[in-house]
There are 2 protein chains.
Amino acid sequence: MDQIVPRTADVLPSAPEWRKSGPEAEERVVRLITEAIQQNRLQPGDRLVERELSDGAVANRQAVRQGLARLAQAGLVVLTPNRGATVVQYSPETIRQIMQARIVNEGAALRDLAETMDDAGRDRLVDILRREAAAYDDGRVTEARHLSRAFHATVMELAGNEMMTRFVNELIACQPLLGNSRTGKQSSFSGVIAHTRTVAALLRKDGAEAEAINTQLLLALEREFLREATAEPG
Amino acid sequence: MDQIVPRTADVLPSAPEWRKSGPEAEERVVRLITEAIQQNRLQPGDRLVERELSDGAVANRQAVRQGLARLAQAGLVVLTPNRGATVVQYSPETIRQIMQARIVNEGAALRDLAETMDDAGRDRLVDILRREAAAYDDGRVTEARHLSRAFHATVMELAGNEMMTRFVNELIACQPLLGNSRTGKQSSFSGVIAHTRTVAALLRKDGAEAEAINTQLLLALEREFLREATAEPG
DNA sequence: AAGCTTAAAATTGTCGACAATCGGAAAGGC
DNA sequence: GCCTTTCCGATTGTCGACAATTTTAAGCTT
């Protein structure tokens, strides 16, 4: 059984831990592209060529194809027949619709959560909030933004409705494509303030207030995105 | 250029209109399986074997695979590695979550629609409503159910938020997997009544009332599904 | 020089064969 | 007689090569 071609990926220590195939590979493709979008390394309109991805990246072409299909269904890329995948470009109307959908679903989650949140949930939110504030104070804007998204995602998860959680997570995932939030520092600041007040409202079991704060925050974000989208329509 | 193997699908008149490949083929797989589920020809737990689908059905194996992947992402089938696809079996908790998500999103849509609906939209809803009532009167339960789903889908579409429309459509699509509604006739009847009252409320621009009616309808449906799910858990 | 036609390069889409994996059935041991 | 182990059939997952399509670029005509 010791042999010349020793099932490469299993034996060689220099070989990477991950395989180039399987459901994991598809997942990796999705994650890498998503991260690239979140870091603005991929801009709206950029083409995603299968061969480049399967070469330079971490999977074979089939896994890349499946990953792109999933991203298309999630709405992060658009897949035109015989033309391949490109990063989506949202219209102002779509931006409004995305934020409205978040307002509705996160609002419902906050109302539920005000009644049902336990100490463990509170601790998780407070922890994220503290790290978000720290990242903001240290000027780590990217990390602050990431933690802000984690805050909203955690609210959904704690509310316990997996369907709505999945939906909102999709909406959050395409947030980096809505705009850079050039005024990053300021918007992060509003985020920290709003999240703090949201947690306070939740602890008072004041679901309506938590929802109202979150709605105002999302509307402010929407205004920023719309300003960017109309200012630089290229 | 006239030859022995004449690009089969293009020339032969006996050949089917559709090709066995392409994005259309994948779409066809999704549609056929969805319809089979809606007609209870596929029950929760049934296995979906790729070869059987690509043989008896209308696409090559690759299209079948992609179609199954999409159905899995939509939540209609579950895809276990190396085991293939099976029709999902929802837990009572998941049933609650699905209906709650519909209540939230359809409610928001109805509130918007009360303000913005024009005559064309009214006509579309009334038309569906009339056909639904006719189907119920004639005892065509399956068609009545289909039109009931169309009513809810059309409400979302008229409200104009594509994101929420897509989400609710997914939730509606898995309704046949929640239960048969053995009391089909009666639940269809409640549906017709509730939809009629919903349209009436919309025409009065009473969004809150429309939402309330719809919520009660969905909660009644949820109770039915839960009764079935707990009664016959096999 | 501008515009059209045609060829070639790049990219996606498709197919069949093979490899890996799982479930169950048969054989063997206690 | 029951449990464990091994093998086999069935099914999914993977890969490379080829076909179809689109885009790019050059060449030719006007």
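Per chain, numbering begins at 1; letters A, B, ... match sequence-line order.
In this structure, A:Leu48 reaches the sugar-phosphate backbone alone: every heavy-atom distance under 4.0 Å involves primed, P, OP1 or OP2 atoms, never a base.
For the residue pair B:Gln175 / B:Arg102, a side-chain donor-acceptor distance below 3.5 Å is found, with atom types taken as modelled. Side-chain contact of B:Asn214 with B:Glu106: a donor-acceptor pair under 3.5 Å is present, judged by distance alone.
The CG-C1' distance, from B:Leu53 to D:dT12, rounds to 13 Å in whole Å. Here C:dT11 presents its P atom at 16 Å from CG of A:Leu79, a figure rounded to the nearest Å. Rounded to whole Å, the distance from CZ on B:Arg51 to C1' on C:dA17 is 12 Å. A straight line from CD of A:Gln66 to P of C:dT12 spans 16 Å, rounded to a whole angstrom. As a whole-Å value, the separation of B:Glu26 CD from C:dT14 P is 10 Å. In this structure, B:Asn82 atom CG and C:dA19 atom P are separated by 16 Å, rounded to whole Å.
When distances are taken from the side chain of B:Arg47 to each of C:dT12, D:dT11, D:dG13, the shortest belongs to D:dT11.
Checking the phosphate oxygens (OP1, OP2) of C:dT21, no side-chain nitrogen or oxygen of B:Arg83 falls inside 4.0 Å. Proximity of B:Arg65 to the phosphate of D:dG13: a side-chain N or O atom is located under 4.0 Å from OP1 or OP2.
Residue side chain B:Arg61 does not reach the base of C:dG16 through any donor-acceptor N/O pair under 3.5 Å, judged by distance alone.
Salt-bridge annotation for A:Glu93 and A:Arg96: present, with a side-chain N of the basic residue lying under 4.0 Å from a carboxylate O of the acidic one.
Residue A:Gln62 is the one, among A:Pro81 and A:Gln62, whose nearest nucleotide of DNA chain D lies closer to the 5' end (criterion: closest heavy atom).
When side chains are defined from C-beta on, A:Thr80 does not count as touching A:Thr86, because their heavy atoms never get closer than 4.5 Å.
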